[in-house]
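Since the structure comes first, as structure tokens, the remarks are kept for the end.
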Amino acid sequence: MSPQVAENFDQLAYPDLATLYSFDATREGAQIMADLCSWYFIWDDQVNKFAVEGREAEWQQQAAQLRACLRDPAGALATAHPTPRAFADLLVRTRRHFSDAWWQRYTQHWTDVIDVNDREFTNRRIGHIETIEDFLDMRRRSVGMFVWADLIELASRTELPQHLYCSAPYQACIIAVADYCACCNDLHSLAKERAVNDPHNIITVISRARGCSQEDAVHAALQRMTGAVEDYLQAEQALASRAVDDSGLDEQTRHGLRRCLLSMRDWIANMDGWHRNSARYHVEPA
């Protein structure tokens, strides 16, 4: 990078977001998450550019390349395009830390991210607006929160047993964090998305669905964020009780679970501050 490009990139603070929830991660683990966070935002900008310019064929080609990376990360390292090649490199670096079961879960979550971005691309092309609940279900995946929840285990240097990860209270924790972060992101990115006529924002969706003002829609989104925090705390408490009663959990797994939950709290605690610090959401007045 040139000094100017490096300075601009630093102001975006992409790696900083990953470090906010990776306390106690190894250097390698923290580097993977910081690199992936940077990759994700750069990819998101590419998808937006394809949508704005109507370059559907290029989007479909890239989506196919990313799916190929998930099937064979090592083989995809030879691909010519830098975006899927970088994605493949991150997959290879992550793979060595986890079991086949974890990896299957992780790659499925990435498949969901690509699929829902494809759905959003189509929505933008045909002008379709999702219902509030359908939008929230999509948003949980489009912002990659299930992927980041997987990587919390990398930061926590643990692999949660399948029955614990799939338990109702742990899934409720993930969904609560996802909803909080998605709404927070949409509050900060509303101006950017309206500038490119992108309807995939909770403020826009609520306003259209309820026929209300932007101010009322913002208030409704803030209420959902408050509700998400309450849902998280309730689920966390239920999970803590379950962990105490689960005699099959050894002390290392219990410690890993505690670290995962602390990282989820970090997501909630730091999300608004990161958005305010990142130059990504600074929009000059018209």
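Quantities reported herein were computed from a predicted structural model and do not represent experimental measurements.
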*Please walk me through it: do Trp267 and Tyr21 pass ring pair (Phe, Tyr, Trp, His ring centres under 6.0 Å)?*
CA-CA 6 Å; Trp267 267 108; Tyr21 73 97; 4.4 Å; yes
*Hey, mind stepping through Tyr281 and Arg276 against side chain to side chain donor-acceptor pair (under 3.5 Å) and telling me if it holds?*
CA-CA 8 Å; Tyr281 302 98; Arg276 293 177 187 276; over 6 Å; no
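Heavy-atom contacts from other residues, nucleotides or ligands closer than 6.0 Å to CD of Glu251 number more than 12. No more than 12 heavy atoms of other residues, nucleotides or ligands shown are found within 6.0 angstrom of CD on Gln234. Other residues, nucleotides and ligands contribute at most 12 non-hydrogen atoms within 6.0 Å of the CZ atom of Arg208. Atom CD of Glu215 has 12 or fewer heavy atoms from other residues, nucleotides or ligands within 6.0 Å.
Judged purely by atom type and a 3.5 angstrom limit, Arg95 uses its side chain to pair as donor or acceptor with the backbone of Phe98. Under a 3.5 Å cut-off, the side chain of Ser278 and the backbone N or O of His275 do not form any donor-acceptor pair. For Asn117 (side chain) and Val113 (main-chain N/O), a donor-acceptor pair under 3.5 Å exists by modelled atom type. Here the side chain of Thr253 pairs no donor or acceptor atom with the backbone of Leu249 at under 3.5 angstrom.
By the rule that hydrophobic residues join a cluster once side-chain heavy atoms approach within less than 4.5 Å of another member, Val116 and Tyr40 end up as members of separate clusters.
Taken from SG in Cys260 to CZ in Arg157, the straight-line distance is 12.0 Å, to the nearest 0.5 Å. Rounding to the nearest 0.5 angstrom, the gap separating the CD1 atom in Ile114 from the CZ atom in Arg67 is 5.5 Å. The structure places CG of Leu91 at 9.0 Å from CG of Leu66, a figure rounded to the nearest 0.5 Å. The CD1 atom of Ile42 sits 5.5 Å away from atom CZ of Phe9, with the distance rounded to the nearest 0.5 Å. Ile152 contributes atom CD1, which lies 4.5 Å from atom CE of Met264 (distance to the nearest 0.5 angstrom). Taking CG of Asn201 as the start and OG of Ser189 as the end, the distance is 5.0 Å to the nearest 0.5 Å.
Looking at Asp118 and Trp59, their side chains do bring a donor and an acceptor atom within 3.5 Å of each other. In summary, the side chains of Gln62 and Arg55 do not present any donor paired with an acceptor at a separation below 3.5 Å, with no hydrogens or angles considered. No donor-acceptor contact under 3.5 angstrom links the side chains of Tyr106 and Trp102, judged on distance only. Between Thr83 and Gln46, the side chains place a donor N or O and an acceptor N or O closer than 3.5 Å (distance only, hydrogens not considered). Using modelled atom types, one finds no donor on one side chain facing an acceptor on the other under 3.5 Å when comparing Asp100 with Gln104. Side-chain contact check for Ser99 and Glu159: at least one donor-acceptor pair (N or O, by modelled atom type) lies under 3.5 Å. In this structure, a donor-acceptor pair under 3.5 Å is absent between the side chains of Asp35 and Ser38.
The residues Glu153 and Arg259 are annotated as not salt-bridged, no charged nitrogen and carboxylate oxygen being separated by less than 4.0 angstrom. Remark: Arg254 does not engage Asp250 in a salt bridge, criterion side-chain N to carboxylate O under 4.0 Å. For Arg139 and Asp186, the salt-bridge test passes: some basic side-chain N is under 4.0 Å from an acidic carboxylate O. One finds no salt bridge joining Lys49 and Asp45 here, because no Lys/Arg side-chain nitrogen approaches an Asp/Glu carboxylate oxygen to under 4.0 Å.
A cation-pi geometry, defined here as NZ or CZ lying under 6.0 Å from the six-membered ring centre and within 45° of its normal, holds between Arg105 and Tyr165.
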Side-chain polar contacts of residues 216-231 - donor-acceptor pairs under 3.5 angstrom, sequence neighbours left out - could you list them?
{"residue": "Asp216", "atom": "OD2", "partner": "Ser213", "partner atom": "OG", "Å": "3.4"}
{"residue": "Arg224", "atom": "NH2", "partner": "Glu133", "partner atom": "OE2", "Å": "3.2"}
{"residue": "Thr226", "atom": "OG1", "partner": "Leu222", "partner atom": "O", "Å": "3.2"}

In residues 124-132, what donor-acceptor pairs under 3.5 Å come from side-chain atoms, sequence neighbours left out?
{"residue": "Arg124", "atom": "NH1", "partner": "Asn48", "partner atom": "OD1", "Å": "3.0"}
{"residue": "Arg124", "atom": "NH1", "partner": "Asp198", "partner atom": "OD2", "Å": "3.4"}
{"residue": "Arg124", "atom": "NH2", "partner": "Asn48", "partner atom": "OD1", "Å": "2.9"}
{"residue": "Arg125", "atom": "NE", "partner": "Glu56", "partner atom": "OE1", "Å": "3.4"}
{"residue": "Glu130", "atom": "OE1", "partner": "Arg119", "partner atom": "NH2", "Å": "2.9"}
{"residue": "Glu130", "atom": "OE2", "partner": "Arg119", "partner atom": "NE", "Å": "3.1"}
{"residue": "Glu130", "atom": "OE2", "partner": "Arg119", "partner atom": "NH2", "Å": "3.3"}
{"residue": "Glu130", "atom": "OE2", "partner": "Asn123", "partner atom": "ND2", "Å": "2.9"}
{"residue": "Thr131", "atom": "OG1", "partner": "Asp134", "partner atom": "N", "Å": "3.2"}
{"residue": "Thr131", "atom": "OG1", "partner": "Asp134", "partner atom": "OD2", "Å": "3.3"}

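Side-chain contact between Gln214 and Ile203 is present, with at least one heavy-atom pair separated by less than 4.5 Å. Two residues are said to be in side-chain contact when any heavy atoms from C-beta on lie closer than 4.5 Å; Glu193 and His200 fail this criterion.
Here the two rings, on Phe50 and Trp43, have centers that are 6.0 Å apart or farther.
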